[in-house]
Amino acid sequence: MTRRTSDHSQPITVAISGSGGSGALTAGSILLAAAQRCDRYGLMMRAAGPQVRGGESVAILRIGPTPVTNIGDRVDLLAALDWRNIERFVDELPLDSDSLILFDPDSGPIPDLIAASGAEQRGVRFANQAKAQPEGRANMVAVGVAGSAIGLSLTALSEAAGEILANKPVETVRATQACISAGYPKPALAAETAPTRPARRRWRLSGNAAAGLGALRAGVDFVAAYPITPASEMLEWLAPQLERIGGNLVQAEDELAAVSMLVGASFGGVPALTATSGPGLSLMTEGIGLAVASETPIVVVDVARGGPSTGLPTKSEQADLDQALYGLHGEAPHLVLAPLDVGDCAFTTEWASRLAERLQTAAIVLSDQALGQTRAVIDPPAAAPPVPGRKRIDQDRAEQAPSTAGTAGTAGTAGTAGTAGTAEESPAKTAFARYRQSADGISPMSIPGEAGLTYTADGLAHDERGTPSSNAAHHRAQLAKLADKLSGHDYGDAWARRDRGDDYTHRNGSRPISLVTWGSSWGAVQEAAMRLREQGVAVQTIALRLLAPLQHEAMRRALADSEVLVVEINASGQLFRYLHAERVLPSAARSFARPGPLPLRPAEILNSVRELFGPPELERTEAAAISGAGSSRRLGGQA
Amino acid sequence: MTRRTSDHSQPITVAISGSGGSGALTAGSILLAAAQRCDRYGLMMRAAGPQVRGGESVAILRIGPTPVTNIGDRVDLLAALDWRNIERFVDELPLDSDSLILFDPDSGPIPDLIAASGAEQRGVRFANQAKAQPEGRANMVAVGVAGSAIGLSLTALSEAAGEILANKPVETVRATQACISAGYPKPALAAETAPTRPARRRWRLSGNAAAGLGALRAGVDFVAAYPITPASEMLEWLAPQLERIGGNLVQAEDELAAVSMLVGASFGGVPALTATSGPGLSLMTEGIGLAVASETPIVVVDVARGGPSTGLPTKSEQADLDQALYGLHGEAPHLVLAPLDVGDCAFTTEWASRLAERLQTAAIVLSDQALGQTRAVIDPPAAAPPVPGRKRIDQDRAEQAPSTAGTAGTAGTAGTAGTAGTAEESPAKTAFARYRQSADGISPMSIPGEAGLTYTADGLAHDERGTPSSNAAHHRAQLAKLADKLSGHDYGDAWARRDRGDDYTHRNGSRPISLVTWGSSWGAVQEAAMRLREQGVAVQTIALRLLAPLQHEAMRRALADSEVLVVEINASGQLFRYLHAERVLPSAARSFARPGPLPLRPAEILNSVRELFGPPELERTEAAAISGAGSSRRLGGQA
Amino acid sequence: MSATTTPTLRARDYLSDIKPIWCPGCGHFGVLSALTKALAYLERPKEDTAVISGIGCSSRLPAYLDCYGFHGLHGRALPLATGLKVARPDLTVIVAGGDGDGFSIGGNHFLHACRRNIDLCYIVMDNAVYGMTKGQASPTTPPDWTRSPLTPNGPGIPVFRPAAIALAAGAGFIARGFSGDPHGLSELIARAILHPGFAFVHVLSPCRTFRPDDQSDWKQGVHPFTDRARCDAEAVPALRVDDDGMGIGVLHEADPKAHSGPKDTLADADRAAAIDRIEAELEV
Amino acid sequence: MSATTTPTLRARDYLSDIKPIWCPGCGHFGVLSALTKALAYLERPKEDTAVISGIGCSSRLPAYLDCYGFHGLHGRALPLATGLKVARPDLTVIVAGGDGDGFSIGGNHFLHACRRNIDLCYIVMDNAVYGMTKGQASPTTPPDWTRSPLTPNGPGIPVFRPAAIALAAGAGFIARGFSGDPHGLSELIARAILHPGFAFVHVLSPCRTFRPDDQSDWKQGVHPFTDRARCDAEAVPALRVDDDGMGIGVLHEADPKAHSGPKDTLADADRAAAIDRIEAELEV
Ligand SMILES: Cc1ncc(C[n+]2csc(CCOP(=O)(O)OP(=O)(O)O)c2C)c(N)n1
Ligand SMILES: Cc1ncc(C[n+]2csc(CCOP(=O)(O)OP(=O)(O)O)c2C)c(N)n1
Ligand code: SF4
Ligand code: SF4
Ligand SMILES: [Mg+2]
Ligand SMILES: [Mg+2]
């Protein structure tokens with residue numbers, strides 16, 4: 001036992017690796033399920049070689065007694081079932097001299113690249129021990145060994161194996177449990193074999209599933225989509241659940257169809273959502289623009305992967321922010337949100353869906369592979385803040401009644417098309433003013449089936465009825481309304497997750513530090529902040545959940561009088577640029593931006609803070625020697 | 001004759017309006033063709049009602065002795081053939097008390113909206129005079145009247161009619177010429193009927209044609225496209241010309257196909273280009289990203305129209321800048337350029353095409369309806385600066401030979417895939433390193449048919465050979481190369497059109513003013529600057545032709561120590577935001593941004609300058625009373 | 001959702017007060033008229049009818065009706081309508097557009113809508129040209145038509161055969177009509193609406209402006225279609241080889257298979273309970 | 001452009017040194033092998049051959065060949081290849097991809113490539129599933145296949161019939177092969193390459209991982225296709241109604257119409273002169 005693996009008060013990172021068919025991923029899944037049973041928190045990422053199926057793979061888990069937000073700086077324990085193609089994973093397996101490697105001496109010597117880490121090495125004859133059991137498998141012996149090393153009980157491991165292998169024949173499950181037990185150090189203490197019951201309600205799910213759950217919570221009843229990695233699992237999670245709640249999922253012929261299907265369903269009054277990734281998002285931009293212009297609510301979850309083009313389908317990067325913010329032609333204001341962790345995928349997707357409904361617009365939710373395909377044990381995510389639903393005709397009438405006198409721009413609900421001849425065609429007589437200008441920019445929306453409120457939705461520039469018009473005043477009014485309804489909405493506090501620690505003040509004459517980030521980078525940033533505070537640095541974190549519309553005033557207030565570092569995983573500093581474009585950053589703000597596909601590690605941020613703002617008392621934190629993450633590009637403030 | 005129409009040393013704006021079938025547009029075309037023959041400069045815009053064909057329409061021309069860059073502040077002379085639906089055009093026909101209206105008293109009284117301008121009114125019985133000629137038409141009488149009013153000779157008008165009606169029977173042409181002559185005041189002076197021959201070589205063409213010409217000049221031999229307003233004319237101009245020079249134009253089934261066809265042709269070694277507008281650009285973003293990632297040169301001309309969504313197909317707006325800059329998923333650096341006037345459509349499209357070829361990337365050229373569909377009489381546009389062609393294997397070898405020792409990153413041309421196991425598949429033996437890292441980031445590109453240099457282009461992240469790889473180092477190297485080859489290129493002076501006037505200095509303690517703009521707004525901006533200088537204000541104009549990569553240092557130097565106003569035609573100030581994002585603007589910079597569809601008028605800019613920086617000596621310039629352009633949104637610097 | 005008692009509506013009651021932007025003599029007027037007749041004949045409540053279109057002259061149609069409508073994206077009318085119909089099976093959903101919209105940019109959705117067999121009535125107003133963008137060749141334009149400068153030698157490609165494609169793709173109802181015969185056309189549209197599943201109505205609808213000869217050529221050329229397309233679910237279908245593209249009538253009608261009716265939507269409380277169950281499964 | 005004297009190449013000389021990422025037993029190996037055989041048989045110089053694909057397991061094929069190749073976008077292989085072939089008629093251009101790539105997202109390009117009749121050989125490796133994205137239903141997946149969680153009750157839609165669609169869309173050469181018979185398949189591919197115009201080769205190429213039963217089902221089921229599809233240019237074509245989707249061989253071969261040969265490309269000087277003439281026309 002190394003220092004790190006024997007201290008169970010701190011999170012521990014465990015990796016299980018093996019060649020195709022070795023079952024490294026199943027082993028990881030059992031460990032995570034066992035952690036849930038032992039009242040731990042945790043998360044599990046995976047990496048695999050290029051083979052479509054069945055190549056070498058690694059499960060990397062981090063397990064701890066408090067919520068685990070990121071994968072940490074290094075691997076504490078590596079259980080290598082064999083060494084086949086392990087060099088493919090060196091970047092993902094940062095080991096150092098405090099790490100422990102469990103390996104099967106029968107599968108050959110430790111490769112130099114791994115041995116170079118200086119990690120402690122311990123031989124365990126996984127395969128040989130497995131052979132002792134009928135149908136025994138080496139990976140399950142490793143589950144026993146690794147599970148005990150990180151403090152999981154034998155009972156929890158056995159139960160977890162039963163759950164994960166529920167579809168297998170009972171003999172297989174028994175053999176598995178026997179192997180786990182064989183790997184588990186003897187004698188197992190009584191406590192370790194007592195039946196488990198987690199003290200607290202705790203969930204195990206992926207970010208993709210959480211996003212799906214958020215959609216259901218928000219009332220989404222229609223999904224249309226086209227498969228794409230790494231978004232498919234979100235759809236595959238949703239399909240059977242929608243069956244259960246009476247909703248529909250349509251597998252479309254392509255993404256162009258999918259996004260237009262959403263617009264149709266939503267026009268019909270049914271909240272609608274899709275999930276995709278970069279290439280699919282590109283194909284959807286025209287349809288998203290239609291939703292914006294026709295004011296039909298839809299939600300598009302982008303589970304981002306590395307780019308550009310087909311890019312890195314199974315790896316993560318935060319490089320679709322530019323497209324999500326700016327990717328529509330013409331002026332097309334819309335919502336952009338990003339979940340901050342696995343559980344937050346539920347919160348943010350729910351909130352985004354509710355906001356889209358209320359504001360009659362498109363919402364893009366920027367998840368990514370690192371959230372979507374990570375499975376985690378977490379506290380159940382909170383419900384999103386309440387948002388009123390679509391403005392239907394009765395609400396609109398109620399709003400208008402008391403205030404007709406006072407409010408600018410409130411024309412009759414059954415309005416006219418404006419001055420004669422300004423609309424393209426002849427003026428309305430009694431038709432419904434679907435796009436009526438109102439005080440909050442939100443027009444009443446009828447849905448098919450409602451008599452007397454028929455209208456034709458349109459993506460052409462139009463007047464208040466929806467009739468196409470190229471009149472300048474109509475165009476200006478439409479654009480102003482699209483922008484104002486978004487900027488005028490009160491989003492409350494949920495726009496960001498903020499943490500100032502206990503002691504966020506000036507200290508020894510130096511200003512406190514603001515770490516600004518978004519999306520999946522939050523986990524590493526918050527851990528970096530924690531460690532900085534331990535070293536006596538005053539630091540706050542601001543993780544943006546609502547990216548557009550940006551909360552300018554709140555941001556400026558939050559950043560006032562601090563050193564600012566913007567952290568994200570992409571090559572060009574997309575958030576950094578965006579915040580400058582919106583003029584909320586001080587000119588001396590700095591950027592830490594580096595491309596994927598490697599997960600962000602807290603040490604990278606610590607090092608960047610030290611280099612850029614370096615209070616002398618700050619310890620240098622070595623990123624593990626073999627991590628390839630060092631060559632990030634840093635953009636200084638230059639204006 | 002009003003003051004303005006009788007002074008032919010200044011540009012004059014003439015409009016001809018009429019209902020469907022009245023021939024207002026033909027009349028305009030003849031006037032423009034005559035202006036060319038009289039050695040004038042000029043431009044002609046058109047507006048039409050909602051009818052697909054044959055509805056009411058207006059031709060608006062501005063004709064002058066020096067190059068005409070924009071449509072001016074008001075209409076000096078309106079020849080109204082009738083008044084049918086004229087109220088649709090009031091925004092496009094700013095009249096004031098110095099204007100002159102020629103109208104046919106037989107077609108009813110002047111509508112109030114028009115009369116309200118206070119313009120001088122003069123009845124001319126167009127229809128009645130036409131009736132005197134066999135097959136005579138009222139619009140041609142108007143050509144005679146208006147043509148003489150703006151100082152065009154009768155001979156020129158007659159010849160121009162012959163040219164414009166070349167496809168009509170000869171009797172029609174004769175009747176037309178007789179009507180023109182009937183409208184022309186008698187007696188025509190000898191000089192006015194002498195044969196014409198412009199003193200200087202001068203061209204008449206639309207921005208769409210000019211862009212097409214630029215493409216041909218650059219060597220474009222392949223075009224694939226899908227029709228869309230207002231880009232179709234560019235394609236329709238190119239199709240027969242490509243026939244003549246042995247190139248190909250494929251009408252694709254959609255824009256997705258079109259952009260992939262370009263990639264295919266260019267992969268085959270043939271420079272390739274398409275033209276589209278917003279909705280089509282949206283559909284092309286995935287394909288543009290493929291061109292970027294696979295480093296295959298293509299050019300996409302976006303003849304922008306009003307947005308969002310289907311928007312305003314026949315009207316102009318500069319609202320696709322965001323999408324052009326940021327619309328691709330993942331990090332996908334590429335070129336974005338914008339022509340500044342009709343002639344510059346040739347220069348900029350040619351330059352963009354040459355740069356795309358050299359830098360093996362995608363170029364987006366942001367034209368717009370106001371450039372594309374405007375016909376102008378101009379000096380022949382200059383050729384684009386020379387740019388070396390694609391880096392072929394021999395050039396690459398030559399480059400490498402002398403400098404192998406010194407240059408970082410120069411691996412052998414027939415390179416290997418890097419360290420064992422880092423690429424997805426087994427390492428190369430002798431294969432061609434198509435994506436080799438080189439000093440300037442530009443790799444050698446073979447084309448099919450070249451033996452020993454086969455490779456597979458790929459949109460997946462890849463190593464130097466193009467073999468898919470999810471290795472972090474390969475990904476970082478690829479992204480860095482894509483960015484560096486663009487930022488490292490020397491673009492010379494053509495990145496902007498700059499004019500400081502004669503006397504750009506500090507004056508009475510106030511700083512000079514920089515008007516920054518892009519694309520079709522240049523014309524109004526430069527005229528505003530001229531007028532400001534006449535009023536004693538020190539002002540420079542900087543019109544960006546190369547938007548990405550931005551020339552940061554040159555911009556900062558150019559703007560140093562001045563008040564900055566960024567002028568553009570869109571609701572949110574897209575250029576203004578972009579320049580802030582790139583940190584080249586001082587924080588006090590201001591924005592004048594207002595949506596389309598009305599053309600930008602110099603007076604709007606003058607007023608904005610006066611309001612924002614108001615040196616007291618600045619005259620207030622009234623935009624003509626009925627212009628609807630007043631309610632622009634202004635974004636101040638707030639950081 | 002429909003109102004309790006709707007007074008009987010005449011065809012013109014389905015028209016909105018918006019004046020079409022079409023050129024005088026455009027074939028699309030006939031389609032508009034035929035559609036209102038069909039709706040009146042079927043007594044569809046206006047508010048329970050939605051007309052979905054793409055972009056093009058033809059696609060302007062929804063605004064001219066006093067039903068719910070959506071003038072969507074070029075080429076994407078079918079998926080938009082599919083989403084609406086799946087989400088709201090109680091509505092009558094009609095899809096309208098042009099030959100460019102449906103067969104060029106929208107071709108893939110056409111194929112898959114035929115296969116998917118959602119209960120839609122799809123009316124394509126085929127004028128063998130792109131009217132809205134001023135006269136370029138469409139998939140149904142003859143190969144030797146040289147009047148578009150975009151294809152100065154003619155498109156040079158054999159015409160797209162909508163009915164044959166629809167049949168091969170599995171459409172259950174295929175008819176061809178002529179806008180010059182709005183009465184006959186309204187009958188075909190009514191039958192298409194009644195067909196439980198995807199029904200395709202191919203309408204010859206001449207563009208007066210860019211293909212002025214079609215009006216009279218088609219008036220001369222159309223004739224009743226006499227034989228039905230054979231369709232065997234296990235095999236590849238065939239239209240009679242003597243379909244010359246001018247046969248008017250129902251070309252193919254499959255056994256109207258019982259469509260799985262609309263799903264039961266859950267009451268809000270039941271939905272919440274179902275979500276609770278889903279969440280409970282995330283615990284151990 | 002081809003080299004002067006190329007030594008005779010064996011099938012394996014067309015392979016690159018890159019190891020396929022395919023699962024052991026994947027049908028696509030058979031297609032790779034058949035293609036190299038066909039190229040060797042036809043003695044195509046490697047550098048004059050380009051293999052263009054989309055995205056999917058099948059679409060990985062180009063990198064495994066030592067020809068020019070382009071691994072493009074999902075669904076867009078045909079247009080990319082069309083651009084290449086139009087610009088470079090001297091090359092042999094082969095297009096390869098999967099059923100998802102070609103018939104779902106790429107369906108529109110399939111239709112229009114059949115019509116456009118550019119001289120391409122299009123090989124679809126149909127495994128009735130989306131292999132690369134881990135086993136979702138494709139257009140050729142049977143309606144009752146319930147093994148994808150995305151469609152828990154099965155896709156529920158009749159299968160897409162590629163040969164029938166190709167025929168209706170106007171393809172001049174249609175063949176079906178089986179990857180389990182690489183020899184027969186290589187012959188079909190060779191004939192498709194030789195066909196002057198668009199040639200479609202539909203290959204049954206089982207996915208060992210997500211549809212493990214197809215391998216043996218198809219091995220049992222395939223049989224020679226005996227009758228030819230009738231195709232009458234004036235009318236609607238029909239495949240024999242007894243095509244059960246398992247008939248192997250050439251299903252249809254139109255009269256190879258003389259293709260208009262490659263355009264003369266102008267010499268640089270001539271091109272410049274032509275542009276001068278164009279510019280001169282802009283003056284009066
Ligand atoms: C994505 C996109 N591409 C192109 C266009 C331009 N466009 C508008 S209508 C149209 C063709 C219309 O032809 P068709 O569908 O046959 O209708 P018609 O006007 O002939 O009735 C085109 C190409 C567009 N609006 N959107
Ligand atoms: C625009 C876009 N949408 C979705 C995807 C995801 N995707 C990659 S391959 C594929 C399907 C592959 O199926 P198929 O073409 O049948 O090939 P196979 O893997 O079965 O050989 C999909 C949906 C993508 N890459 N791009
Ligand atoms: S252009 Fe043709 S299709 Fe369009 S409205 Fe006019 S006649 Fe009808
Ligand atoms: S998943 Fe299927 S299609 Fe893909 S490589 Fe494996 S066996 Fe072949
Ligand atoms: Mg048409
Ligand atoms: Mg497949």
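The chains referred to below are lettered A, B, ... by the order of the sequence lines, with proteins before strands, and numbering in each begins at 1. Because only heavy atoms are used, hydrogens play no part in the values below, and waters and symmetry mates are left out as well, while side chains stay in.
At a 4.5 Å heavy-atom cutoff, the contact between A/L213 and chain C is made by side-chain atoms alone. Both the backbone and the side chain of A/A257 come within contact range of chain C, each with at least one heavy atom under 4.5 Å from a heavy atom of that chain. For A/S266, no part sits under 4.5 Å from any heavy atom of chain C, backbone or side chain. Only the side chain of C/E281 has a heavy atom closer than 4.5 Å to any heavy atom of chain A. Of the two parts of C/R277, the backbone and the side chain both hold a non-hydrogen atom closer than 4.5 Å to a non-hydrogen atom of chain A. Only the side chain of C/L91 comes within contact range of chain A, with heavy atoms under 4.5 Å apart.
Centroid-to-centroid, the aromatic rings of C/W22 and C/Y64 come within less than 6.0 Å. Close placement of the C/F110 and C/F103 rings is indicated, their centers lying within 6.0 Å of each other. The distance between the ring centers of C/Y130 and C/F210 does not fall below 6.0 angstrom.
Ring planes of A/Y455 and A/F432: perpendicular class, angle over 60° (limits at 30 and 60°). Between C/H195 and C/F173, the ring planes lie tilted relative to each other; the angle falls in the 30° to 60° range.
Ranked by heavy-atom pairs under 4.5 Å with chain C, the first of A/L205, A/V250, A/L256 is A/L256. Heavy-atom pairs under 4.5 Å with chain A peak, among C/L73, C/I52, C/D66, at C/L73. With chain A as the partner, the residue from C/E283, C/H112, C/R115 showing the most heavy-atom pairs under 4.5 Å is C/E283. Per-residue heavy-atom pair counts under 4.5 Å with chain A were compared for C/A77, C/G75, C/C67, and the maximum is reached by C/C67. Chain C forms more heavy-atom pairs under 4.5 Å with one residue of A/G269, A/A457, A/A252 than with any other, namely A/A457. Ranked by heavy-atom pairs under 4.5 Å with chain C, the first of A/G289, A/A293, A/G219, A/A160 is A/G219. With chain C as partner, the option from A/R204, A/E286, A/E163 having the largest number of non-hydrogen pairs under 4.5 angstrom is A/E286. Each of C/R271, C/H109, C/R76, C/K85 has some count of heavy-atom pairs under 4.5 Å with chain A, and the biggest count is that of C/R271.
By the 4.5 Å heavy-atom criterion applied to side chains, A/E464 and A/R434 are not counted as neighbours. Counting heavy atoms from C-beta on, the side chains of C/L78 and C/Y122 come closer than 4.5 Å. Residues A/L43 and A/V342 fail the side-chain proximity criterion, which asks for heavy atoms closer than 4.5 Å.
Side-chain contact annotation: A/R202 with A/Y41, donor-acceptor N/O pair under 3.5 Å present.
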